[in-house]
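Presented below is the structure to which this report refers.
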Protein chains: 2
Amino acid sequence: MTYSIAQAAERSGLSIDTLRYYERIGLVDPPARDSGGRRSYSDDDLGWLVFLTRLRTTGMPIRMMREYAQLRHRGAATAGRRKQMLFEHRASVRERIAELQSCLEVLEYKITHYEQIEHTFIEGVTA
Amino acid sequence: MTYSIAQAAERSGLSIDTLRYYERIGLVDPPARDSGGRRSYSDDDLGWLVFLTRLRTTGMPIRMMREYAQLRHRGAATAGRRKQMLFEHRASVRERIAELQSCLEVLEYKITHYEQIEHTFIEGVTA
DNA sequence: GTAGGAGCTGGAGTGCACTCCAGGTCAACC
DNA sequence: GGTTGACCTGGAGTGCACTCCAGCTCCTAC
């Protein structure tokens, strides 16, 4: 199965411009072209794009995704390093979730006690 | 208790430049000044700064924090609107956590099955 | 055979949230 | 009274991740 850039965009959740941008900066390999010179994405290309969006969604900077992509390009010899990167990234995602959850608690508290809290703010007698 | 800008920075986790920047864009009220014209932050100022960092950490855009700050400035009459904002923000934080957790699962899976997965990638027989 | 629409390229522009800088003031210590 | 260090101001610069644009090509449908 192959996909036009519009289809690839729709299925990956990235914009057409972003797809071309990712290609330009070496985050994705240039896909095949059809007879008219247009990009033709394979299922493998799509799989990689979807995985990239996971990394991006979890806050991995593009420079690191690029590093990962380059290692991947160099084949099985770099598998250990890549696994290590995912390991570290997983840790940072877990930290991020914990951080959000702790902020969420503050938010919960603030919403629950909104009247009192804002009252003390207004009166200027915050503890 | 009052704090110099350096102390306020340390306690809020923001940089000195960011404190001045937040003041400039109307996110925090200009704090008092000491005899030499230097900023002198109160405990209330600090409380607000810390709360702002929670909003920022949870991804609230500055433009929205500013809106919140302006409502707060207008006093008790806007309490309902502010509470509503926090409500909606809480929902978006929950969504974000859910999203991260779902990506985390993909990451877990990928790490666990790393050898096989990368092998299939290399062979180009991804399902 | 031409009008329309999708896609192409290289390069410029955007929005966000800071971050840095030059040139100056002020209080305190030696 | 000179030097040091923290702080001041207005304004310029940065890094990131896109996003948009002009001017072009190529297929398809009428």
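Lettering of chains follows the sequences in order, A, B, ..., and the numbering in each one begins at 1.
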In whole Å, I'd like the distance from the [atom1] atom of [X] to the [atom2] atom of [N].
| X | N | atom1 | atom2 | result |
| --- | --- | --- | --- | --- |
| A/Ile16 | C/dG5 | CD1 | P | 15 Å |
| B/Leu19 | D/dA6 | CG | P | 16 Å |
| A/Ile5 | C/dA6 | CD1 | P | 13 Å |
| B/Glu23 | D/dG10 | CD | C1' | 14 Å |
| B/Met64 | C/dG15 | CE | P | 17 Å |

For the residue pair A/Phe51 and A/Tyr68, does the interplanar ring angle fall in the parallel (under 30°), tilted (30 to 60°) or perpendicular (over 60°) class? tilted

Would you say CD of A/Glu10 has more than 12 non-hydrogen atoms from neighbouring residues, nucleotides or ligands within 6.0 angstrom? no

Using a cut-off of strictly less than 4.0 Å, decide whether B/Ser4 has a side-chain nitrogen or oxygen near OP1 or OP2 of D/dA6. no

Under 4.0 Å: is that the gap between some side-chain N or O of B/Arg39 and OP1 or OP2 of D/dT9? yes

Check: A/Gln101 and A/Ile97 side chains under 4.5 Å, non-hydrogen atoms: yes

Only pairs at least two apart or in different chains count here, so list each salt bridge (charged side-chain N to carboxylate O under 4.0 Å, His left out) that has a residue in residues 92-107 of chain B. A/Glu108-B/Arg94, B/Arg96-B/Glu99

When rounded to the nearest 0.5 Å, the distance separating NE2 of B/His89 from SG of A/Cys103 is 8.0 Å

Regarding B/Arg74 and B/Thr78, is there a side-chain donor-to-acceptor distance under 3.5 Å anywhere? no

With a cut-off of under 6.0 Å to the ring centre and 45° to the axis, is A/Arg90 in cation-pi contact with A/Phe87? yes

Using a 4.0 Å cut-off on protein heavy atoms (strictly under), produce a 5'-to-3' string for nucleotides 16-23 of chain D with B for base contact, S for backbone-only sugar-phosphate contact, and - for none. SBBBB---

Any N/O pairs under 3.5 Å between the protein and nucleotides 26-29 of chain C? List them or say none.
from	atom 1	to	atom 2	distance (Å)
C/dC26	O2	B/Arg38	NH2	3.0

Under 4.5 Å between side-chain heavy atoms, counting indirect links through other Ile/Leu/Val/Met/Phe/Trp/Tyr residues: same cluster for B/Val50 and B/Tyr3 or not? no

